[in-house]
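Note sheet for the following structure.
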Amino acid sequence: MTEIIYVLIVIYATYVIYTAMSDVNNVAKKTDMPSAAAFTAPPPLMPNIESKLLVKPDATTKAEKIEDAPLKVVAAKKGLKNPKTDETTSSYANYRVMKRWIKEALVAEGLLEKIYKNNELTPEIEAKIKHAITQLEQNDTYRA
């Protein structure tokens, strides 16, 4: 009896594979793409206006602007540091996946009332959390 069931399963599997492959081949034959020569860019709607509006700066102006621009100091990516273990975390934007010690620090500093569960999060609470995180980032003990 089990041999018959196995044979029926094999027949059914081959039927499914055959129909899937024939559907793929039929779709490929029906949707023959036209050649690339058939596609041309549409003509500009108002060529005279475009040429008058576009001002092309010369290369010397760009070079002078680059030389005169002040150098910007790139700051290191900010993060939070656990004062107990000196662990630094830079990704804490989502409260649902935030490290437990950050949630505890928010409550310990009095920035939040409690540690919220995922089903308790509403847009108002998430706004409070984001505000609390910005305040925690400014605290010297948690600054990385």
Side-chain angles (χ1 to χ4, degrees), residues 2 5-6 8-144:
T2 58
I5 293 175
Y6 290 133
L8 291 176
I9 290 174
V10 168
I11 292 171
Y12 179 72
T14 54
Y15 170 73
V16 169
I17 292 171
Y18 174 76
T19 56
M21 293 305 237
S22 64
D23 288 344
V24 169
N25 290 337
N26 289 340
V27 170
K29 288 179 184 176
K30 289 180 184 177
T31 60
D32 286 335
M33 297 297 293
S35 65
F39 292 109
T40 59
L45 297 175
M46 297 182 189
N48 295 338
I49 295 176
E50 287 180 1
S51 62
K52 292 178 183 175
L53 292 178
L54 295 177
V55 177
K56 297 180 182 178
D58 57 331
T60 58
T61 308
K62 286 184 181 179
E64 290 172 2
K65 287 181 182 178
I66 292 173
E67 290 174 3
D68 294 337
L71 296 176
K72 295 181 181 178
V73 177
V74 178
K77 187 174 180 181
K78 294 185 179 180
L80 292 176
K81 180 182 74 167
N82 188 353
K84 296 177 184 173
T85 62
D86 290 335
E87 174 190 3
T88 304
T89 303
S90 61
S91 61
Y92 46 85
N94 190 351
Y95 188 79
R96 295 173 193 258
V97 294
M98 191 180 293
K99 297 239 181 203
R100 182 75 180 179
W101 67 265
I102 298 174
K103 295 177 183 179
E104 292 172 353
L106 290 170
V107 174
E109 293 295 322
L111 301 173
L112 291 178
E113 299 85 36
K114 65 176 189 171
I115 297 176
Y116 293 99
K117 296 179 183 175
N118 289 341
N119 60 356
E120 296 174 339
L121 296 177
T122 61
E124 296 84 24
I125 293 175
E126 288 178 359
K128 287 181 187 177
I129 291 169
K130 287 181 181 179
H131 180 69
I133 288 174
T134 57
Q135 289 179 346
L136 190 67
E137 286 174 341
Q138 295 172 0
N139 192 341
D140 289 334
T141 58
Y142 295 101
R143 189 175 303 161

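Throughout, numbering of the chain's residues begins at 1 and tracks the sequence.
- Between the CH2 atom of Trp101 and the CG atom of Leu80 there is a distance of 5.0 Å, given to the nearest 0.5 Å.
- The nearest pair of heavy atoms linking Glu120 to Ile125 is O-CD1, 3.2 Å.
- Proximity of a side-chain donor or acceptor of Arg143 to a complementary backbone N or O of Gln138 within less than 3.5 Å is detected.
- In this structure, CG in Asn82 is found 13.5 Å from CZ in Arg100, a value given to the nearest 0.5 Å.
- The two residues Glu113 and Val107 make their nearest non-hydrogen contact at O-CG1, 4.2 Å.
- Taking CZ of Arg96 as the start and CG of Asn94 as the end, the distance is 7.0 Å to the nearest 0.5 Å.
- With rounding to the nearest 0.5 angstrom, the NZ atom of Lys84 is 11.0 Å from the OG1 atom of Thr141.
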Taking it one step at a time, do Met98 and Thr89 satisfy side-chain contact (heavy atoms from CB on, under 4.5 Å)?
-> CA-CA 9 Å; Met98 191 180 293; Thr89 303; over 6 Å; no
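- Tyr95 contributes a side-chain N or O that, together with a main-chain N or O of Tyr116, makes up a donor-acceptor pair within less than 3.5 Å.
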Glu87 vs Lys99, side-chain contact (heavy atoms from CB on, under 4.5 Å): CA-CA, chis, key distance, verdict = CA-CA 11 Å; Glu87 174 190 3; Lys99 297 239 181 203; 3.2 Å; yes
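- Remark: Glu104 CD to Leu106 CG distance equals 10.0 Å, nearest 0.5 Å.
- Between Glu126 and Leu121 the shortest heavy-atom distance is OE2-CB, 3.9 Å.
- Note: Glu109 CD to Asn139 CG = 5.0 Å, rounded to the nearest 0.5 Å.
- The 12-atom threshold is not exceeded at NZ of Lys128, counting heavy atoms of other residues, nucleotides or ligands nearer than 6.0 Å.
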